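Just below is one structure, and these are the notes that go with it.
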Amino acid sequence: MLITHDTRCALDAVVDLVNTAPDTGSAASTDTEGLPDLAALGEFVRSHDISDVGVLTERDLAGVRHIRGRFQEVFAAPEPQAAAAVINELIAAAGTTPRLTDHDGYDWHVHYFAPGASIADHLAADCGMALAFFVVAGEQERLRRCEAPDCRHAFVDLSRNRSRRYCDSRTCGNRLHVAAYRARRKEAAG
């Protein structure tokens, strides 16, 4: 599956956005809001180099949190039909307006949000379309949650054989492998 630069940026943004939600699905659940205020939303916009964003307001923050919940539904969808339904609602509500652009030193790419769109509509359109490409390609199962029992972060499995199980193999994956090794050693010594 060919993933263009702008699609990759949108995927990174949607994964990071989903991972700002308070986690209620893991064993080590925390209620920490990753987007507690406008400053955090501004940092999210800056860190993802999201273009065409005006002055952020409380309404923007509420809108982004709302679409974040909808994106969580996509990552939790048990089958492509459920993911497609949510994605269709998101991009329709955003007033998707595809247009070619070559701003900020990037080659030609497509923006799906209308000029002057709110940050929530911007994310719903661009990130929704990036996720739609996976559903269209029959690759919805690549939209995953970390299998570490104390994590559950979202990620997109871009491995060749679709075998990635953890959001980060250096942290979650390595921690579980070390724990399994220690348990085997303890059992063997026991």
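Nothing here was measured: the structure is a model prediction, and the numbers come from that model.
- In terms of heavy-atom proximity, P80 sits nearest to Q140 at N-OE1, 3.2 Å.
- With sequence neighbours left out, the side-chain contact (heavy atoms from CB on, under 4.5 Å) criterion links T7 to I3, T4, L11, A130, F133.
- Put simply, CG on L61 and CG on L38 are 5.5 Å apart, with the number rounded to the nearest 0.5 Å.
- Remark: S47 pairs with E43 by the side-chain contact (heavy atoms from CB on, under 4.5 Å) rule, at least two apart or across chains.
- In this structure, R99 forms a cation-pi arrangement with F113, its terminal cationic atom sitting closer than 6.0 Å to the ring centre and no more than 45° off the ring axis.
- Counting heavy atoms from C-beta outward, Y166 and C151 have side chains that stay 4.5 Å or more apart.
- Each side chain to side chain donor-acceptor pair (under 3.5 Å) pair with one or both residues in residues 118-130, not counting sequence neighbours, would appear here, but there are none.
- Rounding to the nearest 0.5 Å places CG of D52 at 7.5 Å from OG1 of T101.
- Residues L158 and L17 share a single hydrophobic cluster, defined by chaining ILVMFWY side chains whose heavy atoms lie under 4.5 Å apart.
- For D157, the side chain to side chain donor-acceptor pair (under 3.5 Å) partners are R144, S159, not counting sequence neighbours.
- Among pairs with a residue in residues 4-14, those fulfilling salt bridge (charged side-chain N to carboxylate O under 4.0 Å, His left out) read R8-D12, at least two apart in sequence or across chains.
- When the ring-ring contact (aromatic ring centres under 6.0 Å, His included) test is applied to H153, no partner is found at least two apart in sequence or on another chain.
- Side-chain contact between L123 and I119 is present, with heavy atoms from C-beta onward closer than 4.5 Å.
- Between C146 and C167, the shortest heavy-atom contact is SG-N, 3.3 Å.
- The side-chain heavy atoms of D168 and F155, taken from C-beta on, include no pair separated by under 4.5 Å.
- In this view, R162 and E139, E141 satisfy the side chain to side chain donor-acceptor pair (under 3.5 Å) rule, not counting sequence neighbours.
- With sequence neighbours excluded, the residues that form a side chain to side chain donor-acceptor pair (under 3.5 Å) with N161 are S163.
- Checked by atom type and distance alone, the side chain of H109 pairs as donor or acceptor with a backbone atom of D107 at under 3.5 Å.
- Under the rule for a side-chain contact (heavy atoms from CB on, under 4.5 Å), the partners of A82 that lie at least two apart in sequence or sit in another chain are A77, P78, E79.
- Smallest separation of non-hydrogen atoms from R164 and V156: NH1-O, 3.5 Å.
- The ring-ring contact (aromatic ring centres under 6.0 Å, His included) search around H48 returns F44, not counting sequence neighbours.
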- Do S51 and H111 pass the side-chain contact (heavy atoms from CB on, under 4.5 Å) test, and can you show the C-alpha distance, the side-chain angles, and the key distance before you say yes or no? CA-CA 10 Å; S51 61; H111 281 189; 3.3 Å; yes

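- Between E73 and R68, no side-chain nitrogen of the basic residue sits less than 4.0 Å from a carboxylate oxygen of the acidic one, so the salt-bridge criterion is not met.
- Rounding to the nearest 0.5 angstrom, the gap separating the CG atom in N19 from the CZ atom in R152 is 11.0 Å.
- Side-chain contact between E33 and P22 is present, with at least one heavy-atom pair separated by less than 4.5 Å.
- A search for side-chain contact (heavy atoms from CB on, under 4.5 Å) contacts involving V110 returns P98, L100, Y112, not counting sequence neighbours.
- The backbone N or O of F75 sits nowhere less than 3.5 Å from a side-chain atom of R145 that would complete a donor-acceptor pair.
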Validation: residues 83-94 side-chain donor-acceptor distances under 3.5 Å, sequence neighbours left out:
{"unit_1": "N88", "atom_1": "ND2", "unit_2": "A84", "atom_2": "O", "d": "3.3"}
{"unit_1": "E89", "atom_1": "OE1", "unit_2": "R70", "atom_2": "NH1", "d": "3.0"}
{"unit_1": "E89", "atom_1": "OE1", "unit_2": "R70", "atom_2": "NH2", "d": "2.7"}

